[in-house]
> 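Have a look at this one before I ask anything.
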Amino acid sequence: MQKGDHLFLVDGSAYIFRAYHALPPLTRKSDGLPVGAVSGFCNMLWKLIEDARSTEVGVAPTHFAVIFDYSSTTFRNALYDQYKANREAPPKDLVPQFSLIRDAVRAFDLPCIEKEGYEADDLIATYTTQAVAAGGDVTIVSSDKDLMQLVGERVILYDQMKDKRLGPEEVKEKFGVYPEKMIDLQALVGDTSDNVPGVPGIGPKTAAQLLDEYGTLEALLERASEIKQTKRRENLIEFADQARLSKKLVTLDCETPLDTPLDDLFIHEPDGEKLVAFLKAMEFTTLTRRVAAALETDASEVERASLSVEGAPRGPDLDPVAANAPASGDTLFAATPQGLAERRREAATGEVIDRSAYETIRDAKTLRAWMDEAREAGILAFDTETSELSAYKGELVGVSFATRPGRAAYLPLAHVAADADLLSGPDEAETLGGQVPLGEALDILKPILEDPAILKIGQNVKYDLLVMLRHGVEMAPIDDTMLISYALDASNSLAGHGMDELSERFLGHKPISYKELCGTGRNAKPIAAVEIDKVTEYAAEDADVTLRLWRVLKSRLTAEGLAHVYERLERPLVPVLARMEERGIMVDRQILSRLSGRFAQKQAGLEAEIADMAGETFNPGSPKQLGEILFGKLGLPGGKKTKTGQWSTDVKVLEDLAAEGHELPSRIVEWRQLTKLKGTYTDALPNHMDEAGRIHTSFSMASTTTGRLSSSEPNLQNIPVRTEEGRAIRTAFVAPKGKKLVSADYSQIELRILAHIADIPQLKDAFRDGIDIHAMTASEMFGVPVEGMDPSVRRRAKAINFGIIYGISAFGLANQLAIPREEAGLYIRRYFERFPGIRDYMDETKAYAKKHGYVETLFGRRAHYPDIGAKNPQVRAFNERAAINAPIQGTAADIIRRAMIRMEPALAKAKLSARMLLQVHDELVFEVEEAEVDETITVVKNVMEAAAGPRVEISVPLVVEAAAATNWEEAH
DNA sequence: CGCTCCTAACC
DNA sequence: AGGTTAGGAGCGA
């Protein structure tokens with residue numbers, strides 16, 4: 001080896017496990033031999049060789065080897081008998097594959113290196129050291145952190161799965177230290193999977209920071225007594241020897257005696273016939289074809305090789321579920337809605353779900369037959385499977401249907417061979433039968449999905465609506481089992497409205513979960529690459545379960561008097577929200593990046609100040625470390641502790657300290673605010689932008705107890721507004737050229753609703769007369785005139801008004817106003833004296849909730865509080881406050897929902913092109929043609945202000961304030 | 001990698 | 001003090 005040469009070292013053992021875990025466990029050869037890991041391994045290796053063959057000289061490997069662990073006992077066990085002691089034995093079906101994988105490496109004509117008493121890592125370390133000494137470059141194909149210590153100027157780690165290369169800078173970024181200090185860092189942190197003990201309580205962040213400060217592990221251990229944090233100091237002293245032992249365990253041996261000298265690793269073209277013979281024997285059809293083509297070998301001329309292992313253990317065959325229960329119908333006349341609902345419920349719990357009865361639709365003719373069935377039934381449970389979880393970018397992979405319980409099918413549309421990605425599974429021909437071409441399928445589906453006579457039933461149907469919308473299909477009419485469940489059972493303690501939960505609750509059946517189907521994290525694979533038969537079971541089951549749930553739940557709506565809530569507040573909002581999500585809001589990337597830079601600068605400055613004041617560098621973002629500095633090292637008076645017994649360091653605590661003249665806490669508060677703004681907004685938002693520069697949030701209609709919407713991925717309902725720096729972020733939300741953003745928000749809507757519901761004359765009068773409501777409250781309570789009122793008096797009244805909405809407690813008010821609890825109690829008593837209606841409302845609401853188990857908004861939406869009678873006074877009081885708040889918050893939520901539902905027709909009627917983009921609880925944001933701004937504002941205000949009527953006549957006016965500007969900050 | 005805890009952004 | 005979602009730290013499998 002010489003300068004300019006490039007050695008590739010593949011960490012074979014790690015490769016095996018990655019290949020094994022990345023593939024479904026049941027990949028087998030025709031004789032039952034498990035070969036999933038071999039298959040994955042060969043594909044990864046071939047990919048690497050292919051890349052190398054096509055890469056330019058100088059980067060491509062000149063030397064190449066695959067390194068394996070030889071056995072589990074190494075020289076490290078002599079140092080520490082517990083080393084890797086808790087490693088589990090490899091999975092049974094993997095064991096017979098080990099020798100096959102070595103055969104594979106030989107078939108590729110690559111050196112297969114292993115040595116008794118050493119780990120693969122030691123051999124890698126030794127070859128690396130020698131290659132660098134000879135002037136060569138090294139690429140280690142692995143992502144094991146134990147190998148990071150080898151990284152250097154000429155040595156990189158290559159993570160093939162993620163296609164990421166790690167040099168010294170990347171190591172530093174990942175672990176906080178350069179590779180030279182990795183050994184010391186690992187010695188401190190330890191490694192649970194290898195049983196390397198390390199020092200308790202020290203994680204990677206702390207370790208990096210300590211090494212940064214003290215230089216080396218040895219220096220740190222010697223000067224451990226200087227550490228300020230009590231627990232950390234004690235641990236470093238007590239476990240110093242353990243750290244030294246750990247260091248020996250994690251240090252790789254660079255002087256392993258080598259049986260194959262470095263120069264013998266010189267690469268050469270694999271022998272086509274030999275390799276093809278092996279791959280054929282393994283029945284890797286696709287890979288055989290590829291390799292044969294690349295190496296110009298005629299596969300049909302080559303015979304299968306004989307393998308070193310034959311007929312290894314066969315896996316147990318899965319017993320298919322035999323029972324096939326008949327679908328239950330409404331055979332008896334149901335005299336009342338309650339009777340029907342009850343019988344449906346009973347029937348559903350007894351049904352058995354047979355996945356083997358589901359069909360896979362492979363041709364247009366069968367699909368048409370299914371659509372005929374839907375037409376006949378008048379209903380179609382419908383579910384889409386997409387390539388990504390977010391509806392606005394996921395591609396359609398397949399759709400499933402159900403027309404009656406047990407009668408369900410899956411239509412694959414864009415499935416690919418399981419080995420379309422790097423890791424090979426079974427071959428194309430085995431898994432992919434025919435698929436109806438997407439265009440043809442849509443032509444058949446569209447008339448049904450848009451047929452007003454056929455009800456499309458979905459679970460979270462907004463998702464499917466969005467997906468189909470992007471394929472030019474406007475699904476209608478729709479029903480949504482999730483929303484029916486939500487209208488029926490919204491609660492702060494009962495389970496949610498996800499399909500799996502509903503199925504278990506109402507059908508007593510646990511459906512295949514998405515995780516089971518596709519795996520999670522590193523092992524996750526796209527649903528398009530999962531075998532179609534499995535997806536059929538999963539997807540058709542979803543449609544089947546949705547249909548069964550619909551039968552149970554829909555009948556309850558009438559029986560329980562909730563049809564109005566569902567029909568007027570839930571169902572019609574679905575397409576409205578789908579369109580809002582699809583539109584997205586335009587964001588100016590430049591503004592965000594400028595802000596981000598500014599924040600970064602300020603942040604760095606603050607960090608320096610903080611380190612200076614603390615006398616050491618630490619992570620201000622770690623409440624644990626911060627607590628130790630403030631209350632341990634600096635000895636400041638610590639106040640609260642959190643649930644877990646740690647010092648609390650929330651804003652309140654820090655601001656109290658700051659008020660006493662301590663500088664550090666106020667710097668921390670600033671740092672936190674800045675870090676939050678940067679991390680959550682200026683840095684994160686650009687990742688959510690599409691090609692057109694727009695952000696599409698996802699609104700959830702069923703995740704709050706009260707009827708409010710929520711927004712996620714990203715959450716656009718918590719964009720900063722309080723501070724000036726925060727508001728700057730809003731300036732990045734803009735209208736495109738020629739348009740304006742219009743923001744319209746209800747003024748004091750919850751207080752107005754309270755005034756109406758509790759029937760408080762003074763409050764109602766004040767709202768009718770347009771008087772400052774908080775000043776009026778203050779004047780009533782403290783007997784001071786509104787004119788020339790001390791702002792702090794008004795502030796107190798304002799806090800009380802909000803407190804009332806939240807189901808006030810002396811504790812909460814005292815906290816908010818930073819006054820003694822007795823004083824807060826006094827305020828509350830006086831408030832009740834002045835506004836006795838409020839106390840009556842609270843008492844009545846509590847009594848109602850206890851009696852019925854739920855409370856209602858003015859529009860009949862229910863929020864359930866099953867724990868309101870709890871023995872535990874804290875739990876009970878919490879439920880009482882929530883029950884007091886829910887009708888107020890919920891009525892406001894209902895009103896804005898009604899406004900949103902009416903908005904689009906109202907705008908259309910006025911021939912306005914304004915498009916509604918966002919909802920933020922009491923605010924709606926629109927994108928409006930400049931020329932139409934004034935007219936739009938008029939329509940928007942009218943719709944919003946009149947939204948409660950005619951069903952509910954609120955006895956105070958609802959007032960909406962609206963403004964237009966080029967960005968959200970100025971419009972708000 | 002997934003979970004809990006803590007903190008903080010919004011109405 | 002009512003209703004939310006997100007991100008970082010730390011821990012354990």
Side-chain angles (χ1 to χ4, degrees), chain A residues 21 86 88 189-193 200-206 490 492 515 519-524 619-627 642-654 668-669 672-681 683-685 688 697-700 703-723 726 729-730 745-746 748-750 754 799-817 824 828 863 877-890 892-893 896 919-923:
Chain A
H21 289 294
N86 54 4
E88 278 182 30
V189 174
D191 186 334
T192 25
S193 67
I202 302 218
K205 293 278 170 184
T206 313
N492 68 346
K515 280 184 185 173
T520 52
R522 174 186 327 205
N523 298 328
N619 180 359
S622 163
K624 197 172 158 189
Q625 292 179 29
L626 178 63
T642 65
K643 275 188 286 224
T644 46
Q646 284 196 32
W647 293 111
S648 169
T649 64
D650 62 20
V651 240
K652 188 89 181 38
V653 172
L654 297 181
I668 297 281
V669 171
R672 273 202 191 144
Q673 202 201 351
L674 220 54
T675 308
K676 175 75 177 177
L677 294 180
K678 186 169 182 295
T680 310
Y681 303 105
D683 289 353
L685 285 175
H688 290 281
T697 184
S698 170
F699 288 107
S700 166
S703 48
T704 71
T705 334
T706 54
R708 273 194 180 176
L709 304 181
S710 76
S711 153
S712 63
E713 288 178 288
N715 183 354
L716 294 187
Q717 291 181 323
N718 72 345
I719 303 302
V721 73
R722 230 184 47 244
T723 64
I729 292 166
R730 288 197 174 214
D745 67 290
Y746 285 106
Q748 313 273 23
I749 187 167
E750 293 190 358
L754 173 72
I800 298 170
N801 277 334
F802 275 100
I804 296 293
I805 293 170
Y806 297 154
I808 203 148
S809 74
F811 180 84
L813 184 63
N815 240 344
Q816 181 65 33
L817 288 176
I828 295 172
F878 174 78
N879 277 276
E880 287 173 356
R881 289 194 296 271
I884 289 167
N885 170 258
I888 304 167
Q889 193 185 113
I896 198 164
Q919 189 251 44
V920 191
H921 311 306
D922 64 357
E923 173 189 9

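The sequence lines fix the lettering, A, B, ..., with proteins before strands; numbering per chain opens at 1.
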> Checking A:R730 side chain against A:I719 main chain: does a donor-acceptor pair fall under 3.5 Å?
yes
> Checking A:T206 side chain against A:I202 main chain: does a donor-acceptor pair fall under 3.5 Å?
no
> Are A:T697 and A:S711 linked by a side-chain donor-acceptor pair shorter than 3.5 Å?
yes
> Let me know the distance between CG of A:N885 and P of C:dA1, rounded to the nearest Å.
13 Å
> Let me know the distance between NE2 of A:H688 and P of C:dT5, rounded to the nearest Å.
14 Å
> Report yes or no: does A:S712 contribute a side-chain atom to a donor-acceptor pair with the main-chain N or O of A:N715 at less than 3.5 Å?
no
> Can you check the A:E750 CD to C:dA1 C1' distance for me, whole Å?
13 Å
> Could you check how far CD1 of A:I804 sits from C1' of C:dG3, rounded to whole Å?
18 Å
> Let's see if you can work this out: which of C:dA9, C:dG7, C:dG3 has an atom nearest to the side-chain heavy atoms of A:F878?
C:dG3
> Starting at CD of A:Q673 and ending at P of C:dA6, how long is that distance when rounded to a whole Å?
20 Å
> Within the 4.0 Å heavy-atom criterion, would you say A:A799 contacts the bases, only the backbone, or no part of the nucleic acid?
base
> With sugar-phosphate meaning primed atoms plus P, OP1 and OP2, does A:A684 contact a base, only sugar-phosphate, or nothing at under 4.0 Å between heavy atoms?
sugar-phosphate
> Could you tell me from which nucleotide to which nucleotide of DNA chain B, 5' to 3', there is an atom under 4.0 Å from chain A heavy atoms?
B:dC1 to B:dC11
> With sugar-phosphate meaning primed atoms plus P, OP1 and OP2, does A:K676 contact a base, only sugar-phosphate, or nothing at under 4.0 Å between heavy atoms?
base
> Mind calculating the distance between CG (A:D683) and P (C:dA6) to the nearest angstrom?
16 Å
> Show the numbers, then the answer: is there a side chain to side chain contact (heavy atoms under 4.5 Å, CB included) between A:K205 and A:S622?
CA-CA 9 Å; A:K205 293 278 170 184; A:S622 163; over 6 Å; no
> Evaluate side chain to side chain contact (heavy atoms under 4.5 Å, CB included) for A:I828 paired with A:I800, printing each intermediate quantity in order.
CA-CA 8 Å; A:I828 295 172; A:I800 298 170; 5.7 Å; no
> When the distance from CD1 of A:I749 to C1' of C:dG3 is rounded to whole Å, what number comes out?
15 Å
> Please work out if A:G803 contacts a base, only the sugar-phosphate, or nothing of the nucleic acid, heavy-atom cut-off 4.0 Å.
base
> Output yes when at least one side-chain N/O atom of A:N815 is less than 4.0 Å from OP1 or OP2 of C:dA1, else no.
yes
> Check the pair A:Q889, A:H921 against side chain to side chain contact (heavy atoms under 4.5 Å, CB included), reporting the backbone distance first and the verdict last.
CA-CA 9 Å; A:Q889 193 185 113; A:H921 311 306; over 6 Å; no
> Considering residues, nucleotides and ligands other than A:Q748, do more than 12 of their heavy atoms fall under 6.0 Å from its CD?
yes
> Before you tell me yes or no, could you show the steps for A:L716 and A:F699 under side chain to side chain contact (heavy atoms under 4.5 Å, CB included), namely the whole-Å CA-CA distance, both residues' side-chain angles and the distance that decides it to 0.1 Å?
CA-CA 9 Å; A:L716 294 187; A:F699 288 107; over 6 Å; no
> Tell me, which of residues 704-719 of chain A have any heavy atom that sits under 4.0 Å from an atom in DNA chain B?
A:R708, A:Q717, A:N718, A:I719
> Nearest whole angstrom, please: distance from the C1' of C:dG10 to the CH2 of A:W647.
20 Å
> So, A:T649 and A:R672: side-chain donor and acceptor under 3.5 Å apart, yes or no?
yes
> Answer yes or no for this row: A:Y806 ring on C:dA1 base, centroids under 5.5 Å, planes under 30°.
no
